Amino acid sequence: MHTTRPEILSVITITQAMLQPGGTEEIRLLAESCGYRVLADLVVRVRSGLPGSGKLAELAEIRESSGCDFFILAHDLAPSRKRTFENTVGCPVMTRTELILEIFARRARTSIARQQVELARLEYLLPRLEGGYAHLAASQGGSGFRGPGETQIELDRRRIKNRISLLRRRLATVRTSRREQRKKREQKAPLVALCGYTNAGKTTLMNRLAHAHLLAEDRLFATLDPTVREIHNPHGRAILLTDTVGFIRDIPHTLVEAFASTLEEITRADLVLIIFDSADENADVQLAVVESVLDDIGASGLPRLYCANKADKADTPLPASSGRSPLVPVSALTGKGIPELVWTMHSMLAQHISMDQAGSVV
Ligand SMILES: Nc1nc2c(ncn2[C@@H]2O[C@H](COP(=O)(O)OP(=O)(O)OP(=O)(O)O)[C@@H](O)[C@H]2O)c(=O)[nH]1
Ligand SMILES: [Mg+2]
């Protein structure tokens, strides 16, 4: 019997010369996390997002000889320039934002995550419909909107707007009910939010601390929905831990908006545990991204504890620790440093909460 396997698409990534450190590795990891086979990583010089005409002609030849299905750009591009790019190289071109939206679409499992991702994709698509993006939404798989042809633009736009309003209304209800759940929890125990760059090891740490079995894997954006687990300190007092969606540099704006109720979990925490991969040579850049997202979502004033994870892999001790404290090195994988982390977490909570309220609850 003949069984059909899902087709694996082959891609070539294109990183701008002089992009930030780690840009090429990150776009490859993003592409692989989306299930694509990466045939090559090219670094090219671009001006306003577009390579020069000679380079574009060269890319068209590379596409012919490699048989790649499309190119993935490590940067974003205005719709008209993207069309020029695609017409010259003779295949679709996916921007970084589109790739991230696609990964989210593929990862979303729960109904709330699916609605959040659908909203983000539609918000992204709406202003681009006229530019002929509908075919792209239809051709790239995933669970997002399938746009009909350009002839129906007005109809599409109306449908999309209606769908966006419906999704916004539904997600507003989710936000309200999450707030109510949080209020109940807040009365029960202090909340520690695990946050950090995607793939830093947040879920592995959550599993280690709470003896949980949540999905942790070597892929970007394995976690989309917030999860809460209860742990107890040696005196039997409860602490709630919440694991949530990871951050990435230049996180698409529509995603931040659509995931507002998820990110709100962090802003309500009594302590923010910032987990980073201390073995990653770009840990400093990633930490700066995380700190800036925390600022953006209004969580900058919360007490924070840095957790230098993957200490089992790090050659040099804490390359990214510059000026950040308190900081505890751990390995969520082996358990090294976990008792120190738990102790610091408890003492920070005790200090913070006793300052906030009359009596200590920890
Ligand atoms: N060597 C080593 N690997 C680790 C450690 N902690 C996590 N990992 C690995 O790092 C990868 C990512 O771990 P996750 O826990 O899924 O990371 P995350 O931060 O939750 O990632 P997202 O949910 O995708 O944002 C997995 O392959 C883990 O096994 C550690 O301390 N040491
Ligand atoms: Mg995770």
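Atoms within a ligand are numbered from 1 in the order they appear, just like the ligands themselves. On a predicted model such as this, the values are computed, not experimentally measured, just so you know.
Listed by number with element, the atoms of ligand 1 under 4.0 Å from a non-hydrogen atom of F221 are 24 (O). Ligand-side atoms of ligand 1 in range of K313: 1 (N), range being under 4.0 angstrom from any heavy atom. Close approach to T198 involves these atoms of ligand 1, each under 4.0 Å from a residue heavy atom: 22 (P), 24 (O), 25 (O). Within ligand 1, counting atoms from 1 as listed, the ones closer than 4.0 Å to a heavy atom of A332 are 6 (N), 31 (O). Listed by atom number, the atoms of ligand 1 under 4.0 Å from A216 heavy atoms are 14 (P), 15 (O), 16 (O). For ligand 1, the atoms sitting less than 4.0 Å from at least one non-hydrogen atom of G246 are 25 (O), numbered in the order shown with element in parentheses.
Closest protein heavy atom to atom 20 (O) of ligand 1: T203 OG1, 2.8 Å. For atom 29 (O) of ligand 1, the closest non-hydrogen atom of the protein is L333 CD1, 3.9 Å. Scanning the protein for heavy atoms near atom 6 (N) of ligand 1, the closest one is N309 ND2, 3.1 Å. For atom 16 (O) of ligand 1, the nearest non-hydrogen atom of the protein is E217 N, 3.0 Å. Closest protein heavy atom to atom 17 (O) of ligand 1: G201 N, 3.1 Å. In this structure, the protein non-hydrogen atom closest to atom 14 (P) of ligand 1 is T204 OG1, 3.5 Å.
Residue T203: an N/O/S atom is found under 2.8 Å from the Mg ion (ligand 2). Taking backbone and side chain together, T223 holds an N, O or S atom under 2.8 Å from the Mg ion (ligand 2).
Counting only N and O atoms by type, the side chains of T242 and R229 include no donor and acceptor under 3.5 Å apart. Checking N199 against D277 by side-chain atom types alone, no donor-acceptor pair falls below 3.5 Å. Under 3.5 Å, the side chains of T203 and T223 contain a donor-acceptor pair of N or O atoms. For the 3.5 Å distance criterion, the side chains of D41 and T24 fail to qualify, holding no donor opposite an acceptor. If you check the side chains of S111 and Q115, you find a donor sitting under 3.5 Å from an acceptor.
Under a 4.0 angstrom heavy-atom cut-off, R219 registers as being in contact with ligand 1. For the pair A200 and ligand 1, a heavy-atom separation below 4.0 Å is found.
Remark: D156 does not engage R163 in a salt bridge, criterion side-chain N to carboxylate O under 4.0 Å. Electrostatic pairing of K82 and E98 counts as a salt bridge here, judged by a charged N lying under 4.0 Å from a carboxylate O. In this structure, R179 does not pair ionically with E265, as no charged nitrogen and carboxylate oxygen lie closer than 4.0 Å. In this structure, R96 pairs ionically with E26, as a charged nitrogen and a carboxylate oxygen lie closer than 4.0 Å.
Residue R175 is tested with E264, E257, E180 for a salt bridge (Lys or Arg N to Asp or Glu O under 4.0 Å); the sole match is E264.
On a distance-only criterion, A222 and ligand 1 share at least one N/O pair closer than 3.5 Å. Considering both main-chain and side-chain atoms, A311 never comes within under 3.5 Å of ligand 1 through any nitrogen or oxygen pair. Between L220 and ligand 1, no N or O atom pair is found at a separation short of 3.5 Å.
Taking the ring axis of F104 as reference, the NZ or CZ atom of R106 does not stay both within 45° of it and closer than 6.0 Å to the ring centre.
Among L224, N199, D243, the residue whose heavy atom lies closest to atom 21 (O) of ligand 1 is N199. Distances from atom 9 (C) of ligand 1 to the heavy atoms of R107, K310, R208, K202 put K310 nearest.
Using a 4.0 Å cut-off between heavy atoms, D312 contacts ligand 1 through its side chain alone, with no backbone atom that close.
Note on ring orientation: taking the six-membered ring where Trp is involved, the planes of F276 and Y306 are perpendicular (angle over 60°, cut-offs 30° and 60°).
Without hydrogens or angle criteria, R63 side chain to G90 main chain gives a donor-acceptor distance under 3.5 Å.
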